[in-house]
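For reference, the structure is listed below as structure tokens.
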Amino acid sequence: MSLLQLLLDIVFYPPIFQVLVVGLIVSLIIVVITIWFERKAAARVQRRLGPYHVSPQLGGLLQPLADLVRYAFQEPIIPRTVDAAIFVVAPVVAAVLSIIPLGAVPFTSNPAYWPIPMENSLLIALALSTVAPLFIVLTGWASNNKFAVIGGVREAFMITAYELIAIVAMLAPAATLSTFNMVDIVEAQASLTWFILLNPLAFIAAFLAVVMSTSGFPYEIPESENEVVAGPYSEYSGILYGVNMGANYLRRFALSILIAILFLGGWLPVQPGDGLVAGYLIPTIVVLAKALIVMLVASFLRAVYARFRLDQALEGAWKYVFPLALIGLGLGIIENLLL
Amino acid sequence: MKDPEAREEPSSGAKIGLPGFKVRKIEEEVYEVFIGPQHPGSGHMRLITRIDGDVIVDIDPDIGYVHRTMEKLAEGREYIKNIPLFERMAIHDACNVTVPYVRAVEKLLGVDPPPRAKYLRSLLCEINRIAAHLYGFGIMGIFIGHSTMYMWSFGDREVFIDLAERLTGARQTHSYPVFGGVKRDMPQGFPEMARKAVRYMRKRLPEYEKIFFENPVVRDRLEGVGVIPRQVAAELGLVGPTARGSSIKYDARLAEGYDAYPELDFEIPVYTEGDSLARTYVKIEEIKQSLNIIEQCVSWLETREREAPMHPKFWEKSPPLWKKVYQETGRIKLLPIFASLKVPPGRAVARGETARGEIIYYVESDGSTKPYRVRIVSPSFRNLPVFKYIVPGHRVMDLPAIYGSIDYFPPEADR
Amino acid sequence: MSKMEEAKIYVGNIDESARKARELLLGKMKLGRLVDWATAFSLWPVHLTTSCCSTEFAATWSPRFDAEQYGALPWVGSRQTNMIIIEGTVTTKMACALRITWEQMPPPKFVIAMGACSLDGGIFYNSYNIVKPWQVVPVDVYLPGCPPRPETVARAIVTLQRKIREKSIAGKWVEEGWRPDMKYVKPKEDVCSWWRG
Amino acid sequence: MSGEQETVDLEGLVSKALEGINYSISREKGYVEVSVPLESLREAALRLKNAGFDHVKSLTIVDYIKKGEFKAMYIVSSYLSEELSGGLIALSTTVKRDKAKLPSLSDVWISLLFQEREVYEMFGIEFEGHPDLRLLLLAPHIAELKPLRKEFIVKEEPIIRKPK
């Protein structure tokens, strides 16, 4: 009995609960919706139906689930030439680390439901969000496949470009309000206005950084199929590939939640009250809905844009988006002085 | 898949090497990547690419994965059976590919198709050209990651495939031109359908410009990439939109002046930039010209009486019932005489302009029912040097952009 | 092999644990039908273009016919896919590539032979450079036509879906490990014999 | 024939270009054939190149098995000069089947590079001086058959089967 109690304690320990429930279960649903939307929206732009016959009542919503189950039961091939330990472990670690930032994100202003003390939560979340991509580079390296290595190198180039942009842009709200407390940032947005209006430059830079970091179009360069097949994942099959693909979407989801909190007003306009429903569930749903919208917009770019060349994407990142993020940060500091 | 033994010192005695393998040493900083044949960016061939950093230093196309021995098979088959054989070369451009062969045999036979047949051939050729250009666009779109471009152009291509299907009865493999004529006349209601398709395509082309050519990402990917200067293009003997994008004003339709083209009013678009974007623009402009030609052909055919679309030498041999059926429905029954057609001895060369460029046939007859020798040089095969001479020096991600813009089709190149 | 040994320290014996997990899931929990359902609606053809039927293959995924509605999505790498559509003639050189691609794919995997050439040579029946695909890989669905219309390709996909679900091919494959229908297939050494000259 | 346009006098042009070389000229259907002996092939090619024929459209080999010789035809034309582009000139020579060797002209016309490789594997004709003479289309064991030579026969079913 005490073991069960211990397990329950561990599961309901707020950071772990948040990572496990919101991070895994909810994000799986959101990833399914996003992939479905990505394929359906592209199909609509391209004047066709998209996935349909798998579940005609739901308009093909179960398609990503069918793909996932199929991947789960396909043979996971581990070629003789790979570095097997890293090959197996890296994608799993990448997937777990992708949702770890959720352990530091508040979904409500009610202190009873904060996962951790909120003093430096923004810094913690940003720091945790930068670890996962390293493991994608590692997957490419462990595969010992030429395409995977090229893809991994591309991913490394992209990391150096976008991580800085993401951090600088997301620190702009903190600069305005002189706090790293995400709850304070959201609360301040209630009295002022949302940061998407207050600091649109930082928002644009942060959004582009999210698209770049998760290999969304037009920055889908590490997995650019016409040169490097599936990029770092070229040798992966079965469930390991599913985990890899999922990790990408999970990271996009985690970063989208950060954007929703920092720039889109978090749980506003809902004011969290007391109790589980009013204090935690409803604000969480609002935040998740906002994050979903960010994800869907990022997914929709697939239908409109081709992909940039690697050097063009890096040039764009360093020459235009990074200065944009810096200007956003400067704007945040100026606003701080004005307030 | 690499052969470690192929990496030794070049020995002068080794004459027959593995296909595509150069016997060579690899410098340490150069990365050798085998792109294809199972690769989303290769098509039906292998590109042995050597990369230094992100820059391609050497590329060695290893083709032949679709070599179906057409030249040899043609020597064993009757003349008429070779038409469907050759059309498998560029299956989505079937009429353009077979017309020069038919013309070469017609030169040997000494027959000239009547004007109606010529117009019908030109009509189908232009429909095919549009469909093939749209196919090329689609492949190009998917190569640079623009899936909407692929879907749009493949969707619009169906309009012209439908048009060709209405005219000939087959989606792609029409086998339409035969010696001295064509296989079928224009069916009822075809002119309206053709005009509707032309109107539709004219409406769509500005939308293409909007989503594709004015898209900053696409322009970045194509502009200034794979520049082929005019002199180099001529030396390499490039053909079609690839040559015309490098300001070579050459089109076999004018140079040879076959079928109805001397009587039709059209222009040859030429761009001077020589980059991937110019090659793509050439195709857009050619689609516009082809739409004009379709309209001209349809109006010409509509206003003329239905008369035999077959050379009198053959047409007179058909029974009266067949002629009556033709007058009523436009259908022509293929004469059995073609099955054992003896062609007078001689040699003939004919060239024609397919969507990808000039195709040239050499047909030699020894007087029997089968050709003694047929030599085909297809446009894609002549565009092959682009990989070897133009791509090196570009970045890895430029390879698909150049590949897509020269619209290389391996089954055509390998024959 | 030492690397594999080393790997076992971290991740355990993967084959063994995979077998146990398979037995548990398929035997006790009867997930075979779920696997069949998922596989039938997730037939991703690999990007291997063998010949000119590829034009109709491409048209099958174009807006007018849109085979993606059946869940089939052409995908890039052989490792992540589970279906090959042999698009027409298979030449000597391509046969080796086809075989390697097929071997790279993780089971359960399926093959559709598209076009007259991939049935028995078609118009190139007497060519010196072609190979019959059924000697290279085991074929599930044959698809006649030269080239087959896109509707036919879509029909072949639906046929394969029905075959998988009615005969529970995917579930059985996962349960039993290998398929018995390899008797016409030549060994890889024969198919790729030319490779080393 | 239909619409044969020749804006220039090809015969005159050839006679000017090939002055001093022993050649014979004949007008075939669709092209003008200029036959030169094997020794002066290279010289003739260089002179034609200088006369403005800048690329080769087709390297055609015909196997006359009865005469025991190959005929090689380099069908050349011009891109850079618009008036020449209407005409086709086939520079041809013959070579004995048993010692099938030709000088490589790929340094004269770079567009020949791949075509010479194709001829090499299809006919087994060696090109002396070709920088990179390897197989192009065929696998090695098929290239040994030299498939386009006339002694290699593919069986064909006739259209009408004769009753037994």
Side-chain angles (χ1 to χ4, degrees), chain B residues 15-22 63-64 67 69 71-73 75-78 81 103-104 106-108 112-113 118 230-231 233-237 243 248-250 254-259 261-262 339-340 346-351 358 360 362 364 372-373 375 377 381-382 384-385 388-389 414, chain D residues 1-5 28-31 33 54-64 71 73 75-80 82 85-88 90 109-115 118 120-122 126 132-140 142-144 147-148 150 152-156 158-160:
Chain B
K15 276 295 181 198
I16 286 192
L18 292 177
F21 277 86
K22 229 186 233 170
I63 61 171
H67 173 59
T69 71
E71 287 180 17
K72 188 71 194 180
L73 293 186
E75 286 173 15
R77 295 189 183 186
E78 284 78 5
K81 277 167 82 180
R103 283 186 53 251
E106 275 169 1
K107 282 181 184 176
L108 291 173
D112 198 22
K118 288 183 172 178
R230 183 167 191 255
Q231 184 71 33
E235 289 279 328
L236 295 178
I248 288 176
K249 196 173 163 65
Y250 177 83
L254 282 193
E256 180 101 351
Y258 60 99
D259 284 358
Y261 290 118
S340 54
R347 299 186 286 271
V349 167
R351 51 188 158 158
E358 179 194 51
I360 184 158
Y362 168 86
E364 177 159 347
Y372 186 74
R373 171 91 168 102
R375 167 71 171 161
V377 181
F381 187 59
R382 287 178 58 191
L384 188 62
K388 204 172 169 59
Y389 292 102
D414 295 354
Chain D
M1 288 312 303
S2 62
E4 290 287 303
Q5 301 171 340
E28 300 286 338
K29 294 186 169 82
Y31 66 102
E33 186 167 337
D54 47 28
H55 69 283
V56 177
K57 288 190 189 298
S58 155
L59 167 54
T60 306
I61 307 286
V62 190
D63 181 3
Y64 295 107
K71 187 169 84 172
M73 295 167 64
I75 299 181
V76 297
S77 184
S78 175
Y79 275 155
L80 297 176
E82 254 179 64
S85 68
L88 294 178
W109 288 300
I110 203 168
S111 41
L112 268 175
L113 209 83
F114 286 99
Q115 298 205 24
E118 190 199 352
Y120 162 67
E121 64 183 351
M122 293 290 181
E126 284 192 15
D132 186 21
L133 202 59
R134 284 174 293 143
L135 298 184
L136 180 66
L137 295 165
L138 300 176
I142 294 198
E144 277 163 20
L148 275 182
K150 279 285 172 187
F152 179 80
I153 294 166
V154 291
K155 286 214 176 74
E156 185 80 26
I159 290 185
I160 307 154

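Below, chains carry the letters A, B, ... as their sequence lines are ordered, and counting in each starts from 1.
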Between B:Lys118 and B:Glu106, is there a salt bridge with N-O shorter than 4.0 Å?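 Result for this pair is no, no salt bridge flagged.
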Between [X] and chain D, which part of the residue has a heavy atom less than 4.5 Å away: side chain, backbone, both or neither?
| X | result |
| --- | --- |
| B:Glu364 | side chain |
| B:Arg382 | side chain |
| B:Ile360 | side chain |
| B:Ala234 | both |

Contacting region of D:Leu113 [heavy-atom separation from chain B under 4.5 Å]: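 Side chain only.
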Structural part of D:Ile75 lying under 4.5 Å from a heavy atom of chain B: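 Side chain of D:Ile75 only, per the 4.5 Å heavy-atom cut-off to chain B.
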Backbone N or O of D:Leu136 within a donor-acceptor pair of the D:Glu121 side chain at under 3.5 Å?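 Present.
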Can you name the residues that form a ring-ring contact (aromatic ring centres under 6.0 Å, His included) with D:Tyr79, not counting sequence neighbours?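 Only B:Tyr250, D:His55 meet the ring-ring contact (aromatic ring centres under 6.0 Å, His included) criterion with D:Tyr79.
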Rounded distance (nearest 0.5 Å) linking atom CG of D:Leu148 with atom CD of D:Glu118: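 Nearest 0.5 Å value for the CG-CD distance: 7.5 Å.
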B:Tyr372 vs D:Tyr64 aromatic rings, parallel, tilted or perpendicular, using cut-offs 30° and 60°?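 Parallel.
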